[in-house]
Every structure is written in C-alpha cells, then in structure tokens.
Engineer: 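Submitted below is the structure of interest, expressed as structure tokens.
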Amino acid sequence: MAERAALEELVKLQGERVRGLKQQKASAELIEEEVAKLLKLKAQLGPDESKQKFVLKTPKGTRDYSPRQMAVREKVFDIIIRCFKRHGAEVIDTPVFELKETLTGKYGEDSKLIYDLKDQGGELLSLRYDLTVPFARYLAMNKLNNIKRYHIAKVYRRDNPAMTRGRYREFYQCDFDIAGNFDPMIPDAECLKIMCEILSSLQIGDFLVKVNDRRILDGMFAICGVPDSKFRTICSSVDKLDKVSWEEVKNEMVGEKGLAPEVADRIGDYVQQHGGVSLVEQLLQDPKLSQNKQALEGLRDLKLLFEYLALFGIDDKISFDLSLARGLDYYTGVIYEAVLLQTPAQAGEEPLGVGSVAAGGRYDGLVGMFDPKGRKVPCVGLSIGVERIFSIVEQRLEALEEKVRTTETQVLVASAQKKLLEERLKLVSELWDAGIKAELLYKKNPKLLNQLQYCEEAGIPLVAIIGEQELKDGVIKLRSVTSREEVDVRREDLVEEIKRRTGQPLCVC
Amino acid sequence: MPQLGLLPRRAWAALLSQLLRPPCASCTRAVRCHSQGTRDLSPQQMVVREKILDLVVSCFKRHGAKGMDTPAFELKEMLTEKYGEDSGLMYDLKDQGGELLSLRYDLTVPFARYLAMNKVKKMKRYHVGKVWRRESPTIVQGRYREFCQCDFDIAGQFDPMIPDAECLKIMCEILNGLQLGDFLIKVNDRRIVDGMFAVCGVPESKFRTICSSIDKLDKMAWKDVRHEMVAKKGLAPEVADRIGDYVRCHGGESLVKQMFQDPRLSQNKQALEGLGDLKLLFEYLTLFGIAKKISFDLSLARGLDYYTGVIYEAVLLHTPTQAGEEPLSVGSVAAGGRYDGLVGMFDPKGHKVPCVGLSIGVERIFNIVEQRMKTFGEKVRTTETQVLVATPHKNFLHERLKLIAELWDAGIKAEMLYKNNPKLLTQLHYCESTGIPLVVIVGEQELKEGVVKIRSVASREEVAIKRENLVAEIQKRLSES
C-alpha cells in the first residue's frame, strides 16, 4: 500500500514537471522525454479500481435535458417564438459571459448570486445573470435608439436551488423587449398582449396578470410615512404578500424592519386592494395619493394602459394590484407579473395563485448606465419563466398519458430475411435523399420481430419491408405499424406513396 | 440558401484575409466591448445562423436522432485529462466556496458523462450548443472563444461500420444542403496511423507527438513537417522519410486494397484491422452513393486523444480556375470519428459503450455565408411581419389597436407604429425598409363604409375590402405569394 502511495506521489510530481515544462514551452524533445517517463510510471501503477474518485453528476442546480424533455422544450419554445415573431420582433444573441464590470452594480442585493469566472490572466468575466443587462449593453455599444427584439438563452444564478419547484442555477429565459422613445403605453400594452397570447396558447390553465407601477408604489410609501431610506426594504416585504398573509408581512415590517405600526396600517389599507380600471379611477380620487406627483403619473399611465388593453381584448385578464412590488432595482414605471390560477374546487372560492410564470416592466434608465454620455433609451419588456412551464407541460402530458415522441422518424427500412443489408442501405439512402425521415437497425441480419418492436417503441408509423420474393417482383411491402395492414408498392412509387401517407409535400424542401 | 456562383481566386484571397482578421481588440470607448474573443449576433447574423442550424438539425432528425442538452459547465474533475494537450485551454469558474466547475470544452465528453450517468447503452442523439475554449487570440486569429457546435453521435454495440457509414452520409447531406461548393471528406483510421508509425520505426513514446506534426500537413508543406519531426522532435531522418512515403498517399477504395498488399503495413495487426474496417466502410459508402466524395488520406491525423478507430474530416474545395490546378482547400468544416473508450472512463466499473460521431463546424460555415452575402451585397429580412396596420388620419390610434389585435388573434404577423398620429409616408417607409409586403389602411371614409384598404407595398395597388372579410383576404394573399 505504501509503495502504491509512493508511486502515486511520483506520478503526481512527474505530471507537474511535465505541465511545468509545457508552460515554459521547453523543447519538444525534452517534453516528450518527460512524458515517456510519466507514462512508464503510470503503467507501473497498473489498473486502479478506485479510479472513480468522483461522483457522476451534473453541477448543483443544473440538469441535462433528456430527449423527452427536449421534445417538451421544443414544443414550448415553438409557441413562444411564433408569438414573438407574430409581433415583429427580431432576434439577437449575446455571449454567455460578460465583463464583470458590466454586471456590477446592476442587480442590487442579488449581485452576490453572480457566477464569476476564475482569473486566468485575462479579463475578469462573469456569467450573465439575466438577458436584460446584456441587452442594454448591446444597445449602448451599437448606439441603437430603437429595436424590438427577443432573446432566448440560459442565464446563471448561484441561488439556493429548489429543483422540485423548477428553481435552478442554470435556466432558460425568454425575453421580449421594445426599446425606443415612443408615444406612451402602446409598447407596454403590446407586452401585456404578448404575455396573454403566450399563456393562452400554452394551455397551462387559467392565469391572471397583476399590474402596478414603481411610481405608485413609491408615492404610496411616501404618503404613508415610510422614511425614504426604508423604501426598498419595505418594498421587498410587501412583495411577499403573494405568498404570506398580511399579518405576517406587517409583523416583519414593524418587528424586524422598525416601521411604525400606524405607517404599516396605512400601507395595509392600500396594498390589500386589487381590481380593474375602476380601482385606478378610484385611486385617482384618493385624497392622499392624488397629492403625490409620482403616484399621479403612475396612475395616469395605468389608466391609459387599461384603455389600450380593452381595445386589445385582454382587460379581463389584468388586475391592478397594489401589492405587486417585484425584486429588481431597474424598473422605473409599469411592472407586471403573470400567475397561474388553480381552478376553484367549489363555486365562490378565491383562485389561489400558484406562482409567477412571466413578468416584466418598464426600465427607462438602464441603457443610460452604459452609454458614455448617459444617453437614455427607454425600454419595456417581459420575460417568460419557461422552466416552470416545462414541468407543467410535462406533467400535463403524463396525466393525459400522451406519448411524447422523441424522434420524428416516419419509416423504418426493414428486412424479412438474412443477407439483405445491402438492399436496406440502398433503400434507406434513397429515402434520405428524397427528404424522408428514415432509420434502419444497425444489424446485418436483424429479426423482423425486433424491427417491428423498434417501430412500436419509437412511434415510427411505417415500415418498408424488403424481402427476397418482393425484390424479384420489384416491389417493397409498406406496412402500417398501428393497423398492421401491408400493401405491396412498386419500388419506383415508394417515395411518393410514403410522402402521400405522411402528408409531406412532393418536392424535396 | 441562394445558390451563388463560386468566387474567382482573387476574391477568395480577399475573403480569406477577412476571415483571418483578428477579433475585437480592447476598446478605448467608455462602453466596454463584450469580452475578447466573443461577439454578439445581430438580427441579420441570427437569420443566417438560424437557416444554417435549421438545415443541420433537420438532417439529424431525418436520420432519427433525438435531441438532448447538458449544462454549460461541468464538475472540473469530469473534464480533466480528457483533452490531452489542449487541457490548458479550458475556462474555469472561480472557486466561490462550492464545487469546482469548468465551462464545457466540447459536446462529446458531456455526452459520455451522460451515457455513463444514466447507464444508457444505446443512443442516437444530436446536440447543438455552445462550447468555450481559451484560445490565445494572438496565435489563432479569427477563432472565437465561444462558438457553436452541432454534434451527432451513435452510441452502442452494433454490427461494424454501419453507424460509421451513416455519419459520413449525414456529413455529405449537410454539406450538399448548405450549397457551399464542392467538398471532400478525408478518412483514415487511428489504428492505421499507429500501425504506420510502428512499421516506419517511430518509437512508441513519440507516437502522439509525431501524430500532431503529421496533423499539420493540411496547413504546412511536407518539408516543414519533416523538419519539425527530425530537428525538433528527434526523429531519425530515414524514419521520417518512410512516413513521408505513406502520408502523401490518398485515394479511394483502391488505395485501401493497395495498402492491404503493402509489404510492411500488412505485417502490422493494428493497421490490418483498420484497413479491414475501411474496406467495409467503402462498400457501405458506395451503397449510400457517396463514395466519390470520400478520400482515404494517410496524412489525416486529427488532434483529440479519444479517437480509437475511423477518423474523418470534411474540407471545402475551391474549384481549379484552370485545368490541372490543385483544388485549394479552405479549411475543415466538419469532422469526427469513432471513440470506443471514452464512456468507459466515466463508468464506475469501466463498462465501455462504443461511440461514433461527427461535429459540424457551424461558425466557419457561418463566416463563409456571411462573407459571401457581404460580397454580393445580399440582405435578408430580419422579421417575418406580413402586415402593417396604418392610417393616414389623426386620432385613429384606437382603431389601429382594435384592428391589429384582430389580426394577431387570427395568427397573422402584424405590426403598427408606436405613435398616436403617425404620418402615412412614415408608415409606408417602414414597410419598405423592413420588407413588410402588405399594409392595411384604416381611415375616416373607410370606417363609415365598413371597409379597410389593403395595399401591396411592392405594386402599390390598393383595394377596399369589407371589414369582416379582412382576415380571410389577407390569409388568401399570403398563401398565394
């Protein structure tokens, strides 16, 4: 044992020597000499049963996507992208990492959740935390004044993962943003229209979009008597109202954050309110709130927004909710969040929110933080929280016992007898060249039964069976896997017949 | 893909020099660039990229591959010691108190890890994703540190060479589909390379380093490679010359047959195995109709350590401008091979899962297509909008909002300007600059009559349609075009 340990030590030292020489760019001859020594030492060690020193896993908070999960993911992205394109968005992409300084100071308290890259002698880099800050950087860098773009990509946060609830450290975001100086609330209304279209198309159940405004929140805090310095921290308490009761939130504000109880009560009067445009109108008349300039701006914008949402036919899905606060610092105007509702078990029950699946808002100051002259480009946008949607769609498919195919293969090229590999290779190649999705088993002489079983497992609808007699007759047996009906098709008509049955256009696209 | 003619030699030279342009140097502006060796993709570039990826993925799907994805980073220990000499080029994440992580360097090692982790014995999969390599930009100009790979792999114990042949078929289908001009796929075998070194008298300890010299033959002349092997790596000159005799050989199936008869090579068991497999491979490639695109090339070596059998590399060719000129290869656009030992390195019991696969170098393809478009002044639409909802009058915002919602709800791709009272000319200009084919115009008179005007942007013809028939009329026009 001791000899082994000594040998392992020698191997380690020799390995370091080799690495050192390589770094110093020593002569190739010297390096190769030392490598030979290393290999000899390693050979002496022999096979090591404890070679497996690591556990086979993905990093904490990350996961692979299996083919089944990819199929679900593709379906979901398809629906989302179709909606973005329907609204005339272009698409961009940015690198997975940014210069560390680009991300610094943009995420407030969340900054500690950023993944940094090791300092390996170059620039200091960090993995992107969202797609919004890279977007603002892109706008400033390219001196763009307006753009309507979507971006679907993974982002990285060193959070405490809760993978059962769809909270990962690496996860997809689907962002849509409209940048530019435009007439008020039209782009904002379109963002909400997009959110509604997407959530409806996904068929994940009934949903509600809560809307509020940063200026209304701040104005409300001001007139309730919240000290300026406590704005943000009281804001994050109020933000918890979707998960905990008002009593608990009040306790936190008064007991932990030192807010005067009467101030908390005044806040309580406001934040427990939610409604439609009538609530906006009501608050415009509110004696205290209407005295605050900020709040008035926010309320007026919301009034205009509701007009447009009505014209878009979605105002019944939107709720003006004074408890909506939203974490990120960079929002400057309207903010919104979509939640899925559980259907009430009995008539009259309040729908219980089950978590947000999309959110966004207006952020007019972010691009200015990147622009050398501080030039502002107003932006409004939304982000779809697809990871949660993936699990919901997956669960729904399982509940419906709907089989999700992981391939799109239309035909299996099979043989009934032995020694027909050549014929199978020729035929499958013909089908591929005609644009047909086809497979064959990688066996020289597969049994017909195995080939048919393969089709059933993979959901392949057709089999093209080559047989000795059929070859002589110049035909191929085309068999439907589900109905088991077989028909002889002339070799030269096979492509057309398959395309007809699978609903494909006859030209090779 | 638009079919454009191949460029004359001078244009190729200009193209090449542009391709070798160094990546973004550090900026002096206050707005810092993206980091060195990486870049954003503009809407124009994304359209090109998506077309290319679409074509590649539909080919993979046509061959029955399943999609999968892995995280951007792996546990550092997973990636260590898998890449041989290239290990120093990995991006590490900072030690922030948790696991030690590194950004993935390719998609093959994560695939092997996935197979071992999930105890999968057979799988045919594709994976499109980004990988990261800390290439030194001064040494390798024009190479990005973040780039996209499109991998297709078949894992599993199967009858010999059928999956390998399918990989080559896929490479041909993709390169044909991309219409980048003529191409060639060089094929060799690790066992033939090693056997050849053995019979030429290369000492075993020098195998890998001589291999990486041979690998440079696609960029360097033989005499320079020979010099490196003899002067820098201490190879005996007569050994180098013997190697030279072999590595200048390339040909089709007949070369395989010839090598079987070679007095020295036929004595080497490894080489014979490799040649036997290549013979079978060529039979299948002939049945697939692609044998003429394949060249058995004894100079093909390929960098990565994990290949155990057949290896291949696709290069684009420049057609000779005059008869007799050698085709000028402009670099490899796809490559792959068989790697039977990699999964076993992850499996706790060392269980092997044989694998063969290929990787499409989309970045290079992407560059070529982009340059071609620039040279020919080609522009592509960056949106798919079909209709602009417009008005010549003031105070018609509400009407536009109602109308556009109707179009969206019917699945029509529509836009409107975000102005309360835009000028008609501005709206028409917007259509022209973004390529929107139709305008739907709503105005006072039309409103009274219960109609809207549909205008073709190209022909400028206008026709009035009853409001309730609008969606059907638009859908009809769009399906006709």
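Naming convention: chains lettered A, B, ... in sequence-line order (proteins, then strands); numbering from 1 in each chain. Just so you know, these numbers use all the heavy atoms, side chains as well, and skip hydrogens, waters and symmetry mates.
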Engineer: Which answer fits A/Leu30, side chain, backbone, both or neither, if we ask what part of it has an atom under 4.5 Å from a heavy atom of chain B?
Structural biologist: neither
Engineer: Heavy-atom distances under 4.5 Å only: say whether A/Ile436 touches chain B with side chain, backbone, both or neither.
Structural biologist: backbone
Engineer: What part of B/Leu397 lies closer than 4.5 angstrom to a heavy atom of chain A: side chain, backbone, both or neither?
Structural biologist: side chain
Engineer: Between A/Arg169 and chain B, which part of the residue has a heavy atom less than 4.5 Å away: side chain, backbone, both or neither?
Structural biologist: neither
Engineer: Checking heavy atoms, do the side chain of B/Leu403, its backbone, both or neither come under 4.5 Å from chain A?
Structural biologist: neither
Engineer: Which bit of B/Lys169 comes within less than 4.5 Å of chain A, counting heavy atoms only: side chain, backbone, both or neither?
Structural biologist: side chain
Engineer: Can you say whether A/Val428 sits under 4.5 Å from chain B via the side chain, the backbone, both, or neither, judging by heavy atoms?
Structural biologist: side chain
Engineer: Specify the closest pair of heavy atoms between B/Thr38 and A/Pro95, including all atoms of both residues, with the distance to one decimal.
Structural biologist: OG1-CG, 3.5 Å
Engineer: Does NZ in B/Lys349 sit with more than 12 non-hydrogen atoms of other residues, nucleotides or ligands closer than 6.0 Å?
Structural biologist: no
Engineer: Under a 4.5 Å heavy-atom cut-off, does chain A meet the side chain of B/Leu401, its backbone, both or neither?
Structural biologist: both
Engineer: Checking heavy atoms, do the side chain of A/Tyr150, its backbone, both or neither come under 4.5 Å from chain B?
Structural biologist: side chain
Engineer: Could you tell me which portion of B/Ile290 (side chain, backbone, both or neither) has an atom closer than 4.5 angstrom to a non-hydrogen atom of chain A?
Structural biologist: neither
Engineer: A/Ile194 versus chain B, heavy atoms under 4.5 Å apart: side chain, backbone, both or neither?
Structural biologist: neither
